[in-house]
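Some notes on the structure that comes next.
As the structure lists them, so they are numbered: ligands from 1, and atoms in each ligand from 1.
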Amino acid sequence: MSAAVVTGASRGIGWQFARALASRGYDLVLVARDGAALEDIALRLRAEFSVVVEVCRADLSTREGLSTVRGRAAEAEVLVNNAGAGTGVSFSSTEWTAERDLLALNVLAPAALTHAALRGMLQRGRGRILNISSVAGSGPAWQGTAYGASRAFVTRLTEDLAYSRQVRRSDVAVMAAVLGHVDSNFHAAAGIVPSPPLLTLKPEFVAHAVVRALHRRRPPVRYVPSWRYRVLDTLLHHAPARTMTIPGLADDFTTSRFGNSEFPRGT
Ligand SMILES: NC(=O)c1ccc[n+]([C@@H]2O[C@H](COP(=O)([O-])OP(=O)(O)OC[C@H]3O[C@@H](n4cnc5c(N)ncnc54)[C@H](OP(=O)(O)O)[C@@H]3O)[C@@H](O)[C@H]2O)c1
């Protein structure tokens, strides 16, 4: 069976993507910085699904880390660009180095790995690229940070590639999973207050729904798991930018009553 490369597989949604792919018989290359967590996950997946699992420890915000993983992406049958981070600190208050690292991880890494994977897939005549994005990138930004813009880039790049003639005429698929709030370490690490339970999705549910969609004969270009977020994504997608000047909506995550003083700052 062919191999799937999953970035950000050491916890959260990425670990569930790895599990969902292993359950379909894929051998895996798991990428993240935390080598011990990856080894632990690799052991569990080998035992449960009898697949070959390789651990690739890499910091995707660095040039070296990225070049290691690009080699693996070039050979992949499935590439899941999942690694990412957010921030609850306003753009004007962050250190530039933190901002640059966030953009390197959220923008440069998925672009570089997609670039490495796509050519090989087109040459082989098959393959699937899954780019993880967010409803935060679907409409007028309200966060006061570069996170929404970084996810908008991922969704847009995916759409531009998926609708290109070369990809449309091949058996290669490029798909964006546009996610709402998923229960993971993401919000605590970013210093953002989580959404209410009604709007919180389980990572297992998200991973299974997305991996199922990815394996349709013609996968959707943009897939939003859960009907609640499908409605929200559509509203955001069509909302005029001036919506965000309405009092109450104009406050961003970094200054509003949802302020994050009880959370650690930084990404
Ligand atoms: N959770 C949500 O509500 C939500 C909503 C919309 C979209 N998303 C997107 O979903 C994706 C996964 O998020 P999550 O919720 O699973 O977050 P998470 O629990 O914080 O996991 C993030 C993953 O990315 C890896 N990672 C972080 N920095 C990295 C780096 N510099 N190099 C390599 N790997 C790195 C982490 O592993 P190491 O720390 O071991 O490196 C971890 O495996 C992200 O792209 C996020 O933007 C999440």
(Q) Using a 3.5 Å distance criterion without hydrogens, assess whether the side chain of His181 forms a donor-acceptor pair with backbone atoms of Thr200. (A) no
Q.
Checking a contact table here: which protein heavy atom is nearest atom 12 (C) of ligand 1, and how many Å away?
A. Asn82 OD1, 3.2 Å
Q: Report the part of Leu105 in contact with ligand 1, treating N, CA, C, O as backbone and CB onward as side chain, heavy atoms under 4.0 Å; options are side chain, backbone, both, neither.
A: side chain
Q.
Between Tyr229 and His237 (judged by ring centroids, cut-off 6.0 Å), do the two rings come close enough to count as a pair?
A. no
Q | Under-4.0 Å salt bridge between Glu204 and Arg19 | A | no
Q | Proximal ligand 1 atoms for Asp34, defined as those under 4.0 Å from one of its heavy atoms | A | 40 (O)
Q) Heavy-atom contact under 4.0 Å between Ser133 and ligand 1? A) yes
(Q) Checking a contact table here: which protein heavy atom is nearest atom 33 (C) of ligand 1, and how many Å away? (A) Ala58 O, 3.4 Å
Q: Considering the heavy atoms of Asp59, write down every atom of ligand 1 situated less than 4.0 Å from one of them.
A: 30 (C), 31 (N), 32 (N)
Q: Could you tell me whether ligand 1 has any atom less than 4.0 Å away from a heavy atom of Ala109?
A: no
(Q) Taking Asp34 first and then Arg57, would you say they form a salt bridge - that is, a charged N and a carboxylate O separated by under 4.0 Å? (A) no
Q) Which residue supplies the protein heavy atom nearest to atom 20 (O) of ligand 1, what is that atom called, and how far is it? A) Arg11 NH2, 3.3 Å
Q) Do the charged groups of Glu77 and Arg126 touch, with an N to O distance under 4.0 Å? A) yes
Q) Is there a heavy atom of Trp15 sitting under 4.0 angstrom from any atom of ligand 1? A) no
Q: Keeping the roles fixed (side chain from Arg151, backbone from Ile132), state whether a donor-acceptor pair exists under 3.5 Å.
A: yes
Q: Could you tell me which atoms of ligand 1, counted from 1 in the order shown, lie closer than 4.0 angstrom to a heavy atom of His181?
A: 3 (O)
Q | Minimum-distance protein heavy atom relative to atom 25 (C) of ligand 1 | A | Gly8 CA, 3.6 Å
Q.
Can you report which non-hydrogen protein atom sits closest to atom 15 (O) of ligand 1, along with the distance?
A. Ser184 OG, 2.5 Å
Q) In terms of residue, atom name and distance, what is the protein heavy atom nearest to atom 3 (O) of ligand 1? A) Val182 N, 2.7 Å
Q: Provide, to 0.1 Å, the distance between atom 39 (O) of ligand 1 and the closest protein heavy atom, together with that atom's residue and name.
A: Arg33 NH2, 2.9 Å
Q) What atoms in ligand 1 come closer than 4.0 Å to a heavy atom of Gly180? A) 3 (O), 4 (C), 5 (C), 6 (C)
Q) What part of Ala136, side chain, backbone, both or neither, has a heavy atom within less than 4.0 angstrom of ligand 1? A) neither
Q.
Quick test of your reading of the structure: of Gly84, Gly14, Ala83, Gly12, whose heavy atom lies closest to atom 22 (C) of ligand 1?
A. Gly84
Q) Considering only heavy atoms of Ala9, which atoms of ligand 1 have at least one such atom less than 4.0 Å away? A) 43 (O)
Q. Do you see a donor-acceptor pair shorter than 3.5 Å between the side chains of Asn81 and Thr7?
A. no
Q. Crowded around Arg156 CZ? As in, over 12 foreign heavy atoms under 6.0 Å?
A. no
Q) Charged N to carboxylate O below 4.0 Å: is that the case for Glu54 and Arg72? A) yes
(Q) Measuring from non-hydrogen atoms of Ala189 to any atom of ligand 1, is the shortest distance under 4.0 Å? (A) no
Q.
Using the ring centroid of each side chain, check whether Phe91 and Tyr147 are separated by less than 6.0 Å.
A. no
Q: Compare all side-chain heavy atoms of Glu39 with those of Ser10 and state whether any distance is below 4.5 angstrom.
A: no
**Q.** Nearest protein heavy atom with distance in Å, relative to atom 16 (O) of ligand 1
**A.** Ile13 N, 2.9 Å
Q | Location of contacts on Phe17 toward ligand 1, heavy atoms closer than 4.0 Å | A | neither
Q: With the side chain counted from C-beta on, respond yes when Arg11 and Ser184 share a heavy-atom pair under 4.5 Å apart, and no when they do not.
A: no
Q: Please check if any side-chain donor atom of Arg100 sits under 3.5 Å from a side-chain acceptor atom of Thr94, or the reverse.
A: no
